[in-house]
Each structure stands twice: as structure tokens, then as C-alpha cells.
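Remarks on the structure that follows.
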Amino acid sequence: MQKLQSQGVHHITLVGAGRQTSIDFWEGVLGMPFIFEQPNLDKASESHLYFDPGDGRLITIFTDESRTPEKRRTPTDPGCVHHIAFVVSRVTFLQAVARLDERAIKHSGVKDRGFMDSIYFEDPLGLLIELASYRFEPPAGFSHADVLMQAHKVRVARGDYAIAEVHLADAIQALVERSRATLSDDRAPKDPY
């Protein structure tokens, strides 16, 4: 057998209500440009809206003007989507609570996740949305996933409960040391004072 190798998320499609509800939320709240629309080619009564979440990939919504928003949490049964997380920059994250409050959108407040900070709230149809802001930048040539995998290894080796900032810092140092040459004979920490 051979794997069907994934290379990234192509798009996520959600079932929406009316067209304007989707536009107002995905572009009007989350700032995702509404980039195109066409009929749902499998169901003529629905439209298919496409939004760019910020990385050139797609969030798409099937809309139908006969559907109205139901303000209840979407199911979290096995196999259901629990939430969708979107990356926001630190400066945007620091404004998120105030910007949600000015719209009277109920939210979790800031949640400390060790390697990132998160805020949770529901979209108009009850889907849980997370705004996530990493606490670190990966070294050049590495991804956030590379740093997190190395931080996990550091955390496990130390017997710690969850990834914390110290694990991230040590992971970044290890990745740099493995990937960047030096003329020094000794790369150990020093105190020049």
C-alpha cells in the first residue's frame, strides 16, 4: 500500500445560512477577503462563497437564502468539528477582546496555551472559532511545526507536563545549532562579563 501524501489544507467548506450572514462574519468580523462566488455545482439551491483566510488558501461556505442562523453550539460528537483556529498577529490578538466586546460577541477571554495564546467565540451559526497567536517566531528556514516538534521532544525528555516558553526557547536554540555552522570550537553558553 502507498500513502496519499497531503501537502496542506486546500480548503474547508462549512454549511452556512443566508449569503449576507457569511459575508458579514467571515469578511466583516475576521477580515477575510470575499474572493469569489459561484453556484454549488452539486446543489442548485445553494451558492458557494470563497474567502481567503490570509494565507491564500480557502474557507468556503455553502449558503441558501431559505436557511436562517440557529444560535446554538454546533455538535461536538465524535467525528464532528470542535473548532477552527485562525492565526492572528500579536498586535491583532492584543486588540481582540476589545474588538469582540464592541460587537457584544461573547468570548472566552485570553487563554494561556503555553506556546500560544487563544481566544474562543462562536460564529453566528454556533461554530466555535479560535483566534491563536504564537508566542515565538521560528528560526529562518523552519516552520512553527518544526519548533513545536522539537519543543515536544525537549518537554518529554524533561518530564514536564506541557510545552512552555522555556521549551520553545531551547527548541529554537537546538534548531539553530543543528542548521547553522560556526567557526567556534565550543558553542556552549558563556558569560563574557
Determine whether His48 and Thr60 satisfy the following criterion, side chain to side chain donor-acceptor pair (under 3.5 Å), listing intermediate values before the conclusion.
CA-CA 7 Å; His48 200 174; Thr60 76; 2.9 Å; yes

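Between the side chains of Thr76 and His82, not a single donor N or O lies within less than 3.5 Å of an accepting N or O. Side-chain polar atoms of Asp146 and Ser143 form a donor-acceptor pair below 3.5 angstrom.
By the side chain to side chain donor-acceptor pair (under 3.5 Å) test, Asp112 is found to be paired with Arg135, residues two or more places apart in sequence or in another chain being considered. Checked against ring pair (Phe, Tyr, Trp, His ring centres under 6.0 Å), Tyr134 has the following partners two or more places apart in sequence or in another chain: Phe136, His144. By the side chain to side chain donor-acceptor pair (under 3.5 Å) test, Gln95 pairs with no residue at all, sequence neighbours left out. Annotation: salt bridge (charged side-chain N to carboxylate O under 4.0 Å, His left out) contacts of Arg67 (sequence neighbours excluded): Glu46. Here Ser6 pairs with nothing under the side chain to side chain donor-acceptor pair (under 3.5 Å) rule; sequence neighbours left out. For the salt bridge (charged side-chain N to carboxylate O under 4.0 Å, His left out) test, residues two or more places apart in sequence or in another chain that qualify with Asp186 are Lys190. The salt bridge (charged side-chain N to carboxylate O under 4.0 Å, His left out) search around Glu37 returns Arg19, not counting sequence neighbours. With sequence neighbours left out, Ser118 forms a side chain to side chain donor-acceptor pair (under 3.5 Å) with Glu130. Residues that satisfy the ring pair (Phe, Tyr, Trp, His ring centres under 6.0 Å) test with Phe93, not counting sequence neighbours, are absent from this structure. Contacts of Pro75 classified as side-chain contact (heavy atoms from CB on, under 4.5 Å), with partners at least two apart in sequence or in another chain: Asp77, Cys80. For Arg178, there are no salt bridge (charged side-chain N to carboxylate O under 4.0 Å, His left out) partners two or more places apart in sequence or in a different chain.
With rounding to the nearest 0.5 angstrom, the CG atom of Leu4 is 10.5 Å from the CE atom of Met1. Taking NZ of Lys71 as the reference point, atom CG of Leu125 lies at 8.0 Å (rounded to 0.5 Å).
The backbone N or O of Pro53 sits nowhere less than 3.5 Å from a side-chain atom of Arg57 that would complete a donor-acceptor pair. In this structure a side-chain-to-backbone donor-acceptor pair under 3.5 Å is missing from Asp24 to Gly28. Judged purely by atom type and a 3.5 angstrom limit, Thr21 has no side-chain atom pairing as donor or acceptor with the backbone of Ala17. Remark: side-chain polar atoms of Asp123 are paired, donor with acceptor, to backbone N or O of Leu127 under 3.5 angstrom.
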Going by atom type alone, with no hydrogens or angles, which donor-acceptor pairs under 3.5 Å involve a side-chain atom of residues 104-111 and a protein atom two or more places apart or on another chain?
from   : atom 1 : to     : atom 2 : distance (Å)
His107 : ND1    : Gly109 : N      : 3.0
His107 : NE2    : Asp101 : OD1    : 2.7
Ser108 : OG     : Tyr120 : N      : 2.9

